[in-house]
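What follows is a set of notes on a single structure, which appears directly below.
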Amino acid sequence: MSILEIFRNFTMAIADIDVYRKSVESAADRTYNYLLQYKDNVSSRSSSRTINVQNMFFKDATSGKPIFYGFRDIDIDQEILNLFRHTNRQHQWFLVEAYELFEEFLKHAYAFMGMNDPKRWELSDFGDILWDEVESKNFQWFLEKSRKKKKAPLSMLRQFRKVLPRMKSVESSNRYNCDLLVAVTLVGGMRHKIVHAKGIISDRKEFAQRLITSLGYSGAGMAHHLDFIEKTLLVNSENGEIHLLNIPAPDSRPPFLFHYDVLDVFIRFLLTYAHQVYLSLGGHELVDYSDLKRTPTQ
């Protein structure tokens, strides 16, 4: 498998996520407009604002009788809030999927690097094998070893930086004005919170501190990275939920209102880092998508 195939598979899968996300946002916009119209109509005709009544129950295992465990009387304002929360939750899982695709890209790129130049791997990556036997191994063997690498993906990111001069340079000096290693690690930390903690970060400062410390930074060297996370990571002040819905751009004014695509920012960090790995491993600046053929990921 070539580095071009590996990179194209990743970017095309990310493109699929973008299509799904646009569909979700379009449906949410239609529902929101309907609810606003419904709210106006109800307000002018009735004092009741209830839009949804739900009884929740399950059946007893022996008698089959219903056992009620919940009741909700939902008004129009709560329904609108539920729409926002549900759409945000969907965006959180789009982020999870994008990061897991990024991890898969890293494993394939790391395998490609080891197969084409074994000296770029750490000796512990090879396992119990004689050095003379390495040359005869195919991509699948290197991929299996890559999947077993300890402390991945951070250990892979560090090895890329160690053996690929371009990565060391671009991580700290780039158009985003941030450390790209910090940026992609931030996305990984968000992914962990979404999967294991319902997308809730109860203490954003502690979360940022632990993340930066895990990368080996300490003391005064942490300040710039902590400031980056403070400005980039949006968290609901009431419940600590990671916020990934679009927000109004700071400088936009009527009649030209623009929005800041929060989710897209994080996904672009992943794409940018992957692109630099691709270029570092011999990829060309212009990626050919003319045939739009995706090679199935192993």
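The pair Glu122-Lys149 counts as a salt bridge, with a side-chain nitrogen and a carboxylate oxygen less than 4.0 angstrom apart. Using a 4.0 Å cut-off between a side-chain N of Lys or Arg and a carboxylate O of Asp or Glu, Asp261 and Arg21 qualify as a salt bridge. Taking the charged nitrogens against the carboxylate oxygens, Lys148 and Asp125 have no contact shorter than 4.0 Å, which rules out a salt bridge. Salt bridge annotation for Glu230-Arg204: present, with a cationic side-chain nitrogen under 4.0 angstrom from a carboxylate oxygen.
The neighbour count for Gln54 CD, taken as heavy atoms of other residues, nucleotides or ligands under 6.0 Å away, is above 12.
Here Asp179 pairs with nothing under the salt bridge (Lys or Arg N to Asp or Glu O under 4.0 Å) rule; sequence neighbours left out. Scanning for salt bridge (Lys or Arg N to Asp or Glu O under 4.0 Å) contacts around Arg85 gives Glu241, with sequence neighbours left out.
Using a 4.5 Å cut-off between side-chain heavy atoms of Ile, Leu, Val, Met, Phe, Trp and Tyr, with links allowed through other members, Met190 and Leu154 fall into the same hydrophobic cluster.
Of the possible polar contacts, one joining the Thr232 side chain to the Phe228 backbone as a donor-acceptor pair under 3.5 Å is found. Side-chain N or O atoms of His192 include none that pairs as donor or acceptor with a backbone N or O of Ile194 at under 3.5 Å. Proximity of a side-chain donor or acceptor of Asn88 to a complementary backbone N or O of Ile242 within less than 3.5 Å is detected. With hydrogens and angles disregarded, a donor-acceptor distance shorter than 3.5 Å links the side chain of Asn174 to the backbone of Cys178. For the pair Ser214 (side chain) and Leu211 (backbone), a donor-acceptor distance under 3.5 Å is present. Without hydrogens or angle criteria, Thr272 side chain to Phe269 main chain gives no donor-acceptor distance under 3.5 Å. Proximity of a side-chain donor or acceptor of Ser26 to a complementary backbone N or O of Lys22 within less than 3.5 Å is not detected. Of the possible polar contacts, none joining the Asp60 side chain to the Lys65 backbone as a donor-acceptor pair under 3.5 Å is found. Under the 3.5 Å distance criterion, the side-chain polar atoms of Ser155 are matched with a main-chain donor or acceptor of Lys151.
No side-chain heavy atom of Phe139 sits less than 4.5 Å from a side-chain heavy atom of Asn116. Within the 4.5 Å cutoff, side-chain heavy atoms of Trp93 are placed close to those of Val195.
The only member of Val19, Thr87, Asp29 that meets side chain to side chain contact (heavy atoms under 4.5 Å, CB included) when paired with Val24 is Thr87.
Less than 6.0 angstrom separates the ring centroid of Tyr32 from the ring centroid of Phe84. The aromatic ring centroids of Phe266 and Tyr99 lie 6.0 Å or more from each other. Annotation: Tyr69 is not in aromatic contact with Phe57 [ring centroid separation under 6.0 Å not met].
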